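Since the model is a prediction, treat every value here as computed from it, not as a measurement.
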Amino acid sequence: MATAGAPRRFCRCACFCSENLYVARYGLHLCFRSEQQLRQDYGPILRSRGCVSTKDFQQLLAELQQEVARRQRLGQESAARKALIASSYHPARPEVYNSLQDAALAPEFLSVAEYSASPGADRQGLLQWLQTVSEEKRIYRVPVFTASFCQALLEELEHFERSDMPKGRPNTMNNYGVLLHELGLDEPLVTPLRERFLQPLMALLYPDCGGGRLDSHRAFVVKYAPGQDRELGCHYDNAELTLNVALGKAFTGGALYFGGLFQAPAALTEPLEVQHVVGQGVLHRGGQLHGARPLGTGERWNLVVWLRASAVRNRLCPMCCREPDLVDDEGFGDGFTREEPTTVDVCALT
């Protein structure tokens, strides 16, 4: 059992370097361990999607090998970027780095959080405070940030984007955006958002998904614009639960779409579309298949917070659906811990 007061060490699953490698032009998430395995497992579907020549396959092979190498270096390179940014970057809006204040949050969100933490609060009562997008899919919407805070955060993000500071990809599917822990916004913004406000809310909404046991997160901002990323293929998140908040700017198109849970057959039959509303957040289960329709005009920036519960994922990695093979990592890693079984009340999760 971990010593009381000792900092927790978070890990990733070894599958991160071999599973769910996204190839945008073929619209596929691939598992890659060797050339022979790739041909055997994906040959027919790759050919059906346009990977037909030897040159096509060799190009794909090189890209996958590069992606595996990138993922293997990711933790150390991210830590180095964070250190350089902390020592050399000069913010345009330093106030967004202050500890999260109630004034940044929408009054409706403050009321939801207050109700969720009150004695006797229950799920049915909570639903009176939220917009139910789909009860079947358990997707909800709530205002999160004020318009003025969204504007201030966007100005800071755009200033950082224009700077000569190094920038990491938000995730394996998005090429444009910002990792908030590298920018130094995890501790003042995202951690208090998770601990003070999202934890009681998610405990009532998603008790079966670890909503009451959230102990880490991965937060990033994604940007969609002409000449950059314009849409996002169908996927599910490496998270128990997800918060997706539209920050701006002016845009058309780009709606979210949702299917069923990734484990379900025919999971994308009749997808549900959800339009973005600036300042409002969409709440959903991480395993819910979803994507983003093509952007029409303008720029769209969204804050995405992957919420993780080690008590859940320590038993089963959501990406490879196996018991996780733990590898030490930087920061929150991918939300796994090396806790002894006695530190997890398994009965409460079943």
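In summary, the side chains of Asn20 and Thr172 do not present any donor paired with an acceptor at a separation below 3.5 Å, with no hydrogens or angles considered. Side chains of Ser78 and Glu330: a donor-acceptor N/O pair is absent below 3.5 angstrom, by distance only. Checking Ser163 against His90 by side-chain atom types alone, no donor-acceptor pair falls below 3.5 Å. Neither side chain, Gln36 nor Gln40, offers a donor N or O lying under 3.5 Å from an acceptor on the other. At a cut-off of 3.5 Å, with distance as the only test, no side-chain donor of His276 or Asn244 sits close to an acceptor on the other residue. Counting only N and O atoms by type, the side chains of Tyr97 and Glu156 include a donor and acceptor under 3.5 Å apart. Residues Asp186 and Thr191 bring no donor and acceptor atom of their side chains to less than 3.5 Å of each other. Side-chain atoms of Arg218 and Asn171 include no donor-acceptor pair closer than 3.5 Å.
In this structure, CD in Glu67 is found 8.5 Å from CG in Leu74, a value given to the nearest 0.5 Å. One distance of note links CE of Met202 with CG of Leu283; it measures 4.5 Å at 0.5 Å rounding. Within the model, atoms CD of Gln59 and CG of Leu64 stand 10.5 Å from one another, a figure rounded to the nearest 0.5 Å. The line from OG of Ser18 to CZ of Phe32 is 10.0 Å long, rounded to the nearest 0.5 Å. In this structure, Leu28 CG and Leu60 CG are separated by 9.0 Å, a value rounded to the nearest 0.5 Å. The structure places OH of Tyr236 at 12.5 Å from OG1 of Thr242, a figure rounded to the nearest 0.5 Å.
Criterion: ILVMFWY side-chain heavy atoms under 4.5 Å apart, direct or through other members. Under it, Leu157 and Met165 are part of a common hydrophobic cluster. Cluster annotation: Leu247 is not connected to Val222 through the hydrophobic network of ILVMFWY side chains, with a link wherever side-chain heavy atoms come within less than 4.5 Å. Transitive grouping of hydrophobic side chains (ILVMFWY, heavy atoms separated by less than 4.5 Å) brings Leu127 and Val142 into a common cluster. Linking ILVMFWY side-chain heavy atoms closer than 4.5 Å, directly or via other members, places Tyr224 and Val282 in two distinct hydrophobic clusters. Both Leu105 and Val190 are members of a single hydrophobic cluster when ILVMFWY side chains are connected at heavy-atom separations under 4.5 Å.
Using a cut-off of 4.0 Å between Lys/Arg side-chain N and Asp/Glu carboxylate O, Arg93 and Glu155 are scored as salt-bridged. Under 4.0 Å is where a charged nitrogen must lie from a carboxylate oxygen, and between Glu19 and Arg71 no such pair does. With salt bridges taken as basic N to acidic carboxylate O contacts below 4.0 Å, one links Glu182 and Arg81. The residues Glu273 and Arg293 are annotated as salt-bridged, a charged nitrogen and a carboxylate oxygen being separated by less than 4.0 angstrom. Here Arg8 pairs with Asp215 in a salt bridge; the nearest charged N to carboxylate O distance falls below 4.0 Å. No salt bridge links Glu231 with Arg300; every basic N to acidic carboxylate O contact stays at or beyond 4.0 Å. The pair Lys223-Glu161 meets the salt-bridge criterion, with a side-chain N (NZ, NE, NH1 or NH2) lying under 4.0 Å from an Asp/Glu carboxylate O. At a threshold of 4.0 Å, the pair Arg196-Asp102 counts as salt-bridged, since one of the basic side-chain nitrogens sits closer than that to a carboxylate oxygen. By the 4.0 Å N-to-carboxylate-O rule, Glu158 lies close enough to Lys249 to be salt-bridged with it. By the 4.0 Å N-to-carboxylate-O rule, Asp328 lies too far from Arg12 to be salt-bridged with it.
Ring planes of Phe109 and Phe197: tilted class, angle from 30 to 60°. Aromatic ring pairs are classed by plane angle as parallel below 30°, tilted from 30° to 60° and perpendicular above 60°; the pair Tyr22 and His29 is tilted.
The six-membered or imidazole ring of Tyr89 lies near that of Phe160, with a centre-to-centre distance under 6.0 Å. Between His217 and Phe332, the distance from one ring center to the other falls under 6.0 angstrom. Between His284 and Phe258, the ring center distance clears the sub-6.0 Å criterion.
Of all heavy-atom pairs spanning Tyr257 and Ala292, the tightest one is CE2-N, 3.5 Å. The two residues Gly260 and Lys137 come nearest to each other via the heavy atoms N-CE, 4.4 Å. The nearest pair of heavy atoms linking Leu201 to Ser116 is CA-OG, 3.6 Å. Here the closest non-hydrogen pair linking Cys31 and Tyr42 is N-OH, 2.9 Å.
A donor-acceptor pair under 3.5 Å is formed between the side chain of Gln288 and the backbone N or O of Gly259. Put simply, the side chain of Gln124 never gets that close to the backbone of Asp122: no donor and acceptor are under 3.5 Å apart. When atom types are taken as modelled, the side chain of Thr297 and the backbone of Phe251 share no donor-acceptor pair closer than 3.5 angstrom. Arg138 places a side-chain N or O within 3.5 Å of a backbone atom of Leu205 that can act as its donor or acceptor partner.
Other residues, nucleotides and ligands contribute over 12 non-hydrogen atoms within 6.0 Å of the CD atom of Gln37. Within 6.0 Å of atom CD in Glu135, more than 12 heavy atoms from other residues, nucleotides or ligands are found, so the atom counts as buried in its surroundings. Other residues, nucleotides and ligands contribute at most 12 non-hydrogen atoms within 6.0 Å of the CD atom of Gln76. Open room surrounds CD on Glu114; 12 or fewer heavy atoms of other groups in view lie less than 6.0 Å from it.
Looking only at side-chain heavy atoms (C-beta outward), Glu108 and Gln280 stay at 4.5 Å or farther from each other. Side-chain atoms of Phe336 and Cys13, non-hydrogen and from C-beta on, do get closer than 4.5 Å to each other. Side-chain contact between Leu21 and Glu63: absent, with no pair of heavy atoms (C-beta onward) separated by less than 4.5 Å. A heavy-atom distance below 4.5 Å is not found between the side chains of Lys82 and Leu179. Looking at Phe262 and Cys321, their side chains come closer than 4.5 Å, going by heavy atoms from C-beta outward. The shortest distance between side-chain heavy atoms of Leu30 and Val23 falls below 4.5 Å. The side-chain heavy atoms of Tyr176 and Pro170, taken from C-beta on, include no pair separated by under 4.5 Å. By the 4.5 Å heavy-atom criterion applied to side chains, Leu153 and Leu185 are counted as neighbours.
With a 6.0 Å cutoff to the six-membered ring centre and a 45° limit on the axis angle, Arg49 does not count as a cation-pi contact of Tyr26. With a 6.0 Å cutoff to the six-membered ring centre and a 45° limit on the axis angle, Arg285 does not count as a cation-pi contact of Tyr206.
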